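Below is one structure, written out as structure tokens; the observations come after it.
Hydrogens, waters and symmetry mates play no part in the numbers below; they use all other heavy atoms, side chains included. Owing to the predicted nature of the structure, the values given are computational and were not obtained by experimental measurement.
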Amino acid sequence: MMINYQGEDYTETEFYGREILEAIQLTNKFPTPKKVLIEMLEEMIHEQLNLIDKEELNHYIHAKKIGSNFDRRGS
């Protein structure tokens, strides 16, 4: 599935990877523990709840779900 964001097409992996990297950058920690990553994504969702449209909000929520599954895949 391709996602068009700001006029550019991304694969689902590329797009949600960018959302996760944004959260990692905001934590200012590397490597970033999964718990901190999930907390940062949750914070980003709540801070932007009234500022972004529903589709973009759903992208952050989906990125959080992907981040939550990291250790289930052997990461």
Item checked: Criterion side chain to side chain contact (heavy atoms under 4.5 Å, CB included) against Tyr60, the qualifying member of Lys64, Glu56, His62 -> Glu56
Shortest non-hydrogen separation from [X] to [Y] and the atoms involved:
X     : Y     : value
Ile20 : Leu41 : CG1-CD1, 4.5 Å
Thr27 : Met40 : CG2-CB, 3.8 Å
Ser68 : Lys34 : O-NZ, 3.0 Å
Leu37 : Gly67 : CD2-CA, 4.5 Å
Pro31 : Pro33 : O-CD, 3.5 Å

Notebook entry, point to check: Do Lys65 and Ile61 pass the side chain to side chain contact (heavy atoms under 4.5 Å, CB included) test, and can you show the C-alpha distance, the side-chain angles, and the key distance before you say yes or no?
Noted result: CA-CA 6 Å; Lys65 287 178 186 175; Ile61 292 169; 4.1 Å; yes
Next item on the list: Check whether any side-chain heavy atom of Glu8 lies under 4.5 Å from a side-chain heavy atom of Asn4, and answer yes or no.
Entry: no
Note to self: Are the side chains of Glu39 and Lys35 in contact, using a 4.5 Å heavy-atom criterion?
What the structure shows: yes
Next item on the list: Would you please name every residue forming a side-chain contact (heavy atoms from CB on, under 4.5 Å) with Glu55, sequence neighbours left out?
Entry: Asp53, His59
Next item on the list: Evaluate the criterion side chain to side chain contact (heavy atoms under 4.5 Å, CB included) for residue pair Asp9 and Ile3; output intermediate values, then yes/no.
Entry: CA-CA 6 Å; Asp9 289 329; Ile3 297 171; over 6 Å; no
Item checked: Check: Glu14 side chain, Thr11 main-chain N or O, donor-acceptor pair, under 3.5 Å -> yes
Notebook entry, point to check: Between Tyr16 and Val36, is there a shared hydrophobic cluster once you connect ILVMFWY residues whose side-chain heavy atoms come closer than 4.5 Å?
Noted result: no
Next item on the list: May I ask whether Met44 and Ile24 are part of the same hydrophobic cluster, defined by side-chain heavy atoms of I, L, V, M, F, W, Y residues being less than 4.5 angstrom apart, directly or through others?
Entry: yes
Checklist line | Aromatic plane relationship, Tyr10 with Phe15 - under 30° parallel, 30 to 60° tilted, over 60° perpendicular | finding: tilted
